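Below is one structure; the comments refer to it alone.
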Amino acid sequence: MDARGVGWRSSLRRDFPPSGDLAADVDALFAAHGREKTREHVPRMAHAAVTLARWSGVDPQAARTAALLHDLGGIVAWSKITALCQSLNLPVVDEERRVPMLLHAKLSVVVARELYGIKDETILQAIRFHTTLHAQPTPLDMVIFLADKLEWDQGGIPPYYARLLSAVDGGLEAGARWFLDWMASPEARLLIPHPDLRAAWTAFGITPPK
Ligand SMILES: [Fe+2]
Ligand SMILES: [Fe+2]
């Protein structure tokens with residue numbers, strides 16, 4: 001790790017020391033970085049995650065923690081995120097170099113671990129794969145993935161909302177399969193398929209777009 005990554009982490013610790021109220025801390029972090037859209041998205045998404053967790057027998061506290069922390073990487077501008085991830089020695093794949101916003105989940109894991117002291121690897125994994133899912137998702141991974149899509153960060157109700165909700169009625173896996181399939185459709189207008197998304201498509205038997 002180079003000086004830039006070290007400096008970024010220590011300035012976060014200095015300027016945003018955890019108070020013990022995770023929701024308030026995360027809210028303050030987004031506010032200080034001018035991330036109003038994400039600031040509004042995260043509590044809505046966390047509420048959906050807890051509801052989905054209770055409904056599907058997943059630990060609601062783990063779901064709440066992962067949900068509150070899932071978009072922390074979004075405090076860094078997309079123009080700077082690739083260099084920062086490299087300075088933190090995070091692996092950066094070609095797809096992430098081309099669409100840097102795909103890196104925000106990896107960066108969220110760093111902040112969750114190092115600023116908020118999250119050590120539970122199941123929570124960190126759910127944060128890490130919230131955008132794309134992956135080949136062998138746990139129920140917690142799927143709760144976070146689905147809550148993020150149901151309560152998206154684009155404002156208003158997502159165009160797929162009713163269809164996804166009805167798929168989720170069939171269980172987490174059915175919901176995840178429906179959304180992964182939607183991501184492969186022209187309607188999703190996907191910028192680039194991340195390798196983790198490709199792995200999820202393969203695992204769920206979904207044909208990737210041409
Ligand atoms: Fe995200
Ligand atoms: Fe999100």
Side-chain angles (χ1 to χ4, degrees), residues 22-23 25-31 33-53 58 60 62-82 84-85 88 90 92-93 95-113 115-116 118 122-134 137-138 140-161 164-165 168 172 175-176 179-180 182-183 188-197 199-200:
L22 195 57
D25 288 351
V26 167
D27 184 68
L29 196 60
F30 287 130
H33 289 82
R35 295 293 185 271
E36 289 304 318
K37 263 185 162 175
T38 315
R39 191 181 173 201
E40 189 266 334
H41 157 68
V42 165
R44 271 194 292 114
M45 183 283 197
H47 181 76
V50 169
T51 306
L52 262 181
V58 168
R64 180 175 182 272
T65 302
L68 288 174
L69 304 180
H70 82 284
D71 271 340
L72 289 173
I75 62 173
V76 176
W78 301 148
S79 59
K80 296 186 176 156
I81 198 168
T82 308
L84 179 62
C85 286
L88 290 163
L90 295 174
V92 177
V93 300
E95 288 81 356
E96 293 162 342
R97 231 179 288 279
R98 289 161 68 185
V99 183
M101 66 158 297
L102 287 167
L103 281 166
H104 79 281
K106 285 181 181 172
L107 202 53
S108 298
V109 171
V110 173
V111 187
R113 201 196 300 267
L115 183 60
Y116 297 112
I118 305 300
T122 65
I123 291 176
L124 296 171
Q125 176 172 300
I127 294 171
R128 162 77 178 76
F129 293 105
H130 79 264
T131 313
T132 59
L133 222 51
H134 60 113
T138 64
L140 178 60
D141 296 345
M142 290 190 277
V143 161
I144 297 304
F145 175 74
L146 291 168
D148 192 45
K149 313 313 174 198
L150 287 167
E151 293 292 342
W152 75 347
D153 55 6
Q154 302 298 305
I157 294 170
Y160 51 73
Y161 183 81
L164 175 54
L165 203 58
V168 171
L172 294 176
F179 197 79
L180 288 168
W182 183 83
M183 286 176 93
R189 288 200 239 135
L190 200 67
L191 291 172
I192 200 165
H194 190 277
D196 297 330
L197 176 59

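Both ligands and their constituent atoms are indexed starting at 1 by order of listing. Hydrogens, waters and symmetry mates are skipped; everything else that's a heavy atom, side chains included, is used. All values derive from a computational prediction rather than experimental measurement.
The number of protein N, O or S atoms lying under 2.8 Å from the Fe ion (ligand 2) is 4.
The salt bridge (Lys or Arg N to Asp or Glu O under 4.0 Å) analysis of residues 100-109, with sequence neighbours excluded, yields the pairs E96-K106. For residues 39-51, the set of pairs meeting the salt bridge (Lys or Arg N to Asp or Glu O under 4.0 Å) definition, not counting sequence neighbours, comprises D27-R39, E36-R39, E40-R44, R44-E151.
Judged as a ring pair (Phe, Tyr, Trp, His ring centres under 6.0 Å), and not counting sequence neighbours, H194 has no contacts.
Looking at every heavy atom in both residues, L124 comes nearest to I118 through CD1-O, 3.7 Å. Between A188 and W182, the shortest heavy-atom distance links the atoms CB-O, 3.4 Å.
Note that the CZ atom of R64 and the CD1 atom of I123 stand 11.5 Å from one another [nearest 0.5 Å].
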